[in-house]
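Shown next, in structure tokens, is the structure this report addresses.
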Amino acid sequence: MNSCLICGGIAENQYFLCKECAKFALICERRCPKCGNFTLNPNEPECFSCKGKKLHFDKIFSLFIYSGSISKLISEMKYGKVKSIAEILGRYLAENAPLELVEGRTVIFPPMRFWDKLLRSFNQAEIFADRLARRHGLKFDPKLLKKIRKTAHQAGLDYEERRENLKDAFTLTRSVKGEKFLIVDDVCTTASTIEEIAKLLKKNGAVSVNGLTLARRTPYFS
């Protein structure tokens with residue numbers, strides 16, 4: 001029997017949360033058909049987040065809304081530098097990823113600069129991506145993307161500021177012509193990271209780019 005990562009009790013319904021703590025892990029069910037964000041009107045072609053924007057990614061799917069138990073675990077994982085949480089959450093993400101989103105794709109993740117990764121000792125997105133690729137028997141290319149420019153922390157920036165912050169921050173190490181990709185990350189806030197990478201991939205000949213994250217931030221929940 002596994003222990004709950006929040007309270008230490010018995011994890012029953014999910015193997016990382018107990019029954020009570022799972023009540024505060026909100027599933028992202030009402031998704032925008034264009035950008036995948038939580039929306040009050042999932043039948044509309046666009047939501048408040050993506051309306052009028054030209055997007056290069058094809059789909060983004062997030063399992064949870066970034067709030068409650070999930071936001072607590074992600075914060076502890078990243079800022080508490082708890083690698084074991086990344087491994088458990090990565091396994092859960094891999095087991096619950098939609099097959100139509102991931103099949104036939106090369107799995108990648110947003111890279112960190114060397115010193116940033118050294119300070120944390122791991123990149124949680126890399127762990128998630130590795131678990132996903134292993135689970136589904138997909139090609140995993142951890143060296144395809146390289147971060148070539150130091151960027152400010154994305155927290156606190158709006159969509160346009162995030163786009164500008166990430167502009168020309170990544171480069172490719174090989175040809176991607178004709179390939180389909182899946183970008184895996186822990187949290188999607190404005191989708192600017194996935195969008196910047198998707199733009200780079202498609203500019204260089206990739207035919208399709210999907211995104212998969214554990215959680216999605218939304219102003220409807222804090």
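In this text the structure is predicted, and so the values were computed from the model without any measurement. Just so you know, residue 1 is the first one in the sequence shown, and it goes up from there. Side chains are part of it too, since the values below use all heavy atoms of this structure and drop only hydrogens, waters and symmetry mates.
Using a 4.5 Å heavy-atom threshold, the side chains of Cys28 and Ile65 count as touching.
Phe128 and Ile27 fall within a single hydrophobic cluster, where Ile, Leu, Val, Met, Phe, Trp and Tyr side chains are chained together by heavy-atom contacts under 4.5 Å.
The pair Lys199-Glu196 does not meet the salt-bridge criterion, since no charged nitrogen lies less than 4.0 angstrom from a carboxylate oxygen.
Here Lys83 pairs with Glu87, Phe122, Ile127 under the side-chain contact (heavy atoms from CB on, under 4.5 Å) rule; sequence neighbours left out. Take Phe48 and apply the ring pair (Phe, Tyr, Trp, His ring centres under 6.0 Å) test, not counting sequence neighbours, and it matches Tyr220. In this structure Asp185 satisfies the side chain to side chain donor-acceptor pair (under 3.5 Å) test with no other residue, sequence neighbours excluded. Take Leu101 and apply the side-chain contact (heavy atoms from CB on, under 4.5 Å) test, not counting sequence neighbours, and it matches Lys59, Phe61, Pro98, Leu182, Asn210, Leu212.
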Enumerate, atom names and distances included, each donor-acceptor pair closer than 3.5 Å involving a side-chain atom of residues 134-142, sequence neighbours excluded.
{"unit_1": "Arg134", "atom_1": "NE", "unit_2": "Asp130", "atom_2": "OD1", "d": "3.1"}
{"unit_1": "Arg134", "atom_1": "NE", "unit_2": "Asp130", "atom_2": "OD2", "d": "2.9"}
{"unit_1": "His136", "atom_1": "NE2", "unit_2": "Ala94", "atom_2": "O", "d": "2.9"}
{"unit_1": "Asp141", "atom_1": "OD1", "unit_2": "Lys143", "atom_2": "N", "d": "3.3"}
{"unit_1": "Asp141", "atom_1": "OD1", "unit_2": "Leu144", "atom_2": "N", "d": "3.2"}
{"unit_1": "Asp141", "atom_1": "OD2", "unit_2": "Arg174", "atom_2": "NE", "d": "2.7"}
{"unit_1": "Asp141", "atom_1": "OD2", "unit_2": "Arg174", "atom_2": "NH2", "d": "3.0"}

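Test Phe38, Phe24, Tyr66 against Phe221 for ring-ring contact (aromatic ring centres under 6.0 Å, His included) and you get one pass: Phe38. Just one of Ile6, Val82, Leu214, Ile88 meets the side-chain contact (heavy atoms from CB on, under 4.5 Å) condition when paired with Leu73; it is Ile6. Here the options are Thr213, Thr218, Asn37, the test is side-chain hydrogen bond (donor to acceptor under 3.5 Å, both in side chains), and the partner is Ser62; only Thr213 passes.
Note on residues 99-110: pairs passing side-chain hydrogen bond (donor to acceptor under 3.5 Å, both in side chains), not counting sequence neighbours, are Arg105-Ser208, Thr106-Glu179.
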Can you check side chain to side chain contact (heavy atoms under 4.5 Å, CB included) on Cys32 and Cys50, steps first, answer last? CA-CA 9 Å; Cys32 170; Cys50 65; 3.7 Å; yes
Could you walk me through whether Leu201 and Leu172 pass the side chain to side chain contact (heavy atoms under 4.5 Å, CB included) test, one step at a time? CA-CA 8 Å; Leu201 290 168; Leu172 302 175; 3.8 Å; yes
For a side chain to side chain contact (heavy atoms under 4.5 Å, CB included) check, start with the C-alpha distance between Asp58 and Lys202, then their side-chain angles and the critical distance, and finish with the verdict. CA-CA 11 Å; Asp58 295 283; Lys202 288 196 170 179; 3.2 Å; yes
Starting from the C-alpha separation in whole Å, work towards a yes-or-no answer on side chain to side chain contact (heavy atoms under 4.5 Å, CB included) for Met77 and Asp186. CA-CA 10 Å; Met77 171 185 69; Asp186 58 343; 4.0 Å; yes
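One distance of note links CG of Leu63 with CD of Glu29; it measures 11.0 Å at 0.5 Å rounding.
Ile10 CD1: 12 or fewer foreign heavy atoms inside a 6.0 Å radius.
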